[in-house]
Amino acid sequence: MRFNGLLFISVIAQPLVAARPPKVLATWDVEGFARDNPLGPTTGGAGGTTVTVDNAADLKKEVAGAEPKIILVTGNITLPSRIKVGSNKSVLGVGTTAHITGSGIDLQDVTNVIIRNLKISFIKDNDCITIRNTTRVWVDHNEFTSDITQGPDAFDGQVDIIRASDYITLSWNFFHNHWKSSLVGNDATFRALDSGHLHITYHHNYWHTIGTRGPAGRFGHQHVYNNLYIDYLYQALHSRSDNQMLVEGNVFRGKTKEALSTYGLVIPDDSPNTCVCGDEELDGWANLGAENDWGKATVNITQVGNFTKAPYKFVLTPLRLVEETVKAGAGVGKI
Ligand SMILES: *[C@@H]1O[C@H](CO)[C@@H](O)[C@H](O)[C@H]1NC(C)=O
Ligand SMILES: *[C@@H]1O[C@H](CO)[C@@H](O)[C@H](O)[C@H]1NC(C)=O
Ligand SMILES: *[C@@H]1O[C@H](CO)[C@@H](O)[C@H](O)[C@H]1NC(C)=O
Ligand SMILES: *[C@@H]1O[C@H](CO)[C@@H](O)[C@H](O)[C@H]1NC(C)=O
Ligand SMILES: *[C@@H]1O[C@H](CO)[C@@H](O)[C@H](O)[C@H]1NC(C)=O
């Protein structure tokens, strides 16, 4: 049987039917740099023991250490301080119940971590998730939110990826009502450390009512395909400081202002405290692969790069089906 848009709509219109799209339209399993990389696929806690946690102390204890483990999370957990997830872990929310707030999650100096199906909201004074000096991470089907009306500095990033981290995939996440979403390479002074790393895949993420950084990258390579951006108010994709971005099959809607820029200017809407509003950094590079639907948003590509093709196989959703596929599939309660 051939699937087409109409059939897919008729499937997802029934509320009790799982939103998982047919395999010909999109991949539900890990895909991109977290799967295909020189270190091996991201498997998280596969093969390890499974535990269930419903409070901050148990969550902190169970995610520590390097032995493979699957940690199932249920209920509302207010973290009093940030937790550190060790290597070889899968942290999986159960159903639609797992909700983390208060403090966020650090992945530092580790490898092989999966974070799926968690709602993470209103994290104070830091990122929801910071991935630092860490390889092989799959961040999938989570929901990240806070309050965009409090301005750019009220909350930090949603998923920030720094210090030579590598081989990471962010898929099917729902990022909404937040200013600064995802920063890759957080400082222009880390050129030597970061260069040659920061290979990250972003696919089928749903961004709604966000300010900037969807993502913003320095010094790395990001493959950005089949994402949906609605009301991305200031700047969605920013490739700067010699960063390379391959951008294909994405859809931009609503009040999205600038879909993609490689101009080195850090716009004042992004960093009002530091901006002197000149061209602070070297420009980045961008390549356009399969056609994007920019809607009414602008595009400013100052340098066309050489990241012309993803170094792996992946399933590209046809452009006309991206909006419905991402809306149906992204966020918690879908896996
Ligand atoms: C992770 O798991 C692998 C295989 O299960 C093991 O070889 C390794 O020592 C574990 N720990 C780290 C830190 O990689
Ligand atoms: C979590 O908090 C929300 C909002 O207060 C509440 O509706 C929900 O029932 C709570 N979930 C659990 C498992 O306690
Ligand atoms: C990065 O993590 C590794 C362990 O995976 C550690 O040996 C190394 O010192 C860390 N590097 C930095 C710059 O923190
Ligand atoms: C686009 O980039 C050019 C530099 O090539 C810059 O002069 C211009 O201001 C940029 N446009 C916007 C809207 O940022
Ligand atoms: C791609 O372009 C960058 C920037 O000009 C350059 O440093 C790099 O060597 C190029 N890579 C390849 C494989 O040509």
Side-chain angles (χ1 to χ4, degrees), residues 37-40 42 52-56 58-59 65-66 72-79 84-89 93-102 106-113 117-122 130-137 143 145 161-168 185-187 189-198 212 216 219 232-243 245 256-271 275-286 294 296-305 332-333:
N37 66 69
L39 304 178
T42 303
T52 301
V53 299
D54 65 0
N55 64 78
D58 288 347
L59 177 60
L72 304 178
V73 183
T74 69
N76 297 311
I77 299 181
T78 302
L79 292 176
K84 280 190 192 311
V85 179
S87 295
N88 304 318
K89 296 288 179 295
V94 175
T96 54
T97 67
H99 181 185
I100 289 176
T101 190
D106 284 324
L107 277 59
Q108 180 167 358
D109 309 339
V110 296
T111 187
N112 193 25
V113 176
N117 205 38
L118 298 178
K119 179 172 179 183
I120 303 180
S121 77
F122 292 92
T130 307
I131 303 174
R132 179 191 302 254
N133 186 36
T134 286
T135 55
R136 296 190 298 155
V137 183
E143 178 179 346
T145 186
I161 303 170
I162 63 173
R163 302 300 188 282
S165 290
D166 226 344
Y167 310 128
I168 294 165
N186 70 339
D187 197 316
T189 64
F190 289 114
R191 171 178 292 273
L193 181 68
D194 283 344
S195 292
H197 301 285
L198 302 172
T212 56
F219 308 122
Y232 215 108
L233 299 173
Y234 304 102
Q235 183 180 60
L237 295 159
H238 193 197
S239 183
R240 62 184 187 247
S241 281
D242 288 330
N243 187 74
M245 235 180 232
T256 300
K257 191 173 173 196
E258 186 169 46
L260 166 63
S261 173
T262 63
Y263 183 40
L265 172 73
V266 178
I267 60 172
D269 302 299
D270 185 84
S271 300
C275 186
V276 295
C277 299
D279 189 6
E280 288 104 346
E281 294 181 30
L282 294 179
D283 289 8
W285 312 80
W294 306 114
K296 293 179 185 135
T298 61
V299 174
N300 196 5
I301 300 178
T302 59
Q303 304 186 122
V304 175
V332 300

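All values below come from the heavy atoms of this structure, side chains included, with hydrogens, waters and symmetry mates left out. Whatever order the structure lists them in is the order used to number ligands and atoms, beginning at 1.
With sequence neighbours excluded, the residues satisfying side-chain hydrogen bond (donor to acceptor under 3.5 Å, both in side chains) with Asp166 are His197, His199. Scanning for salt bridge (Lys or Arg N to Asp or Glu O under 4.0 Å) contacts around Asp269 gives an empty result, with sequence neighbours left out. Evaluation of the ring-ring contact (aromatic ring centres under 6.0 Å, His included) rule for Trp294 yields Phe252 as partners, not counting sequence neighbours.
Contact residues for ligand 3 (protein heavy atom closer than 4.0 angstrom to any ligand atom): Asp109, Asn133.
Close contacts between ligand 4 and Asn300 involve ligand atoms 1 (C), 2 (O), 3 (C), 8 (C), 10 (C), 11 (N), 12 (C), 14 (O) [criterion: under 4.0 Å to a heavy atom]. Heavy-atom proximity to Asn76, at under 4.0 Å, picks out these atoms of ligand 2: 1 (C), 2 (O), 3 (C), 8 (C), 10 (C), 11 (N), 12 (C), 14 (O).
Using modelled atom types and a 3.5 Å distance limit, the side chains of Thr42 and Asn112 yield no donor-acceptor pair. Thr111 and Thr135 share a donor-acceptor pair across their side chains, judged by distance under 3.5 Å alone.
Paired with Thr262 under the rule side chain to side chain donor-acceptor pair (under 3.5 Å), one option of Thr302, Asp283, Asn243 passes, and it is Thr302.
Across all their heavy atoms, Gly284 and Gln303 have their closest contact at O-NE2, 2.8 Å.
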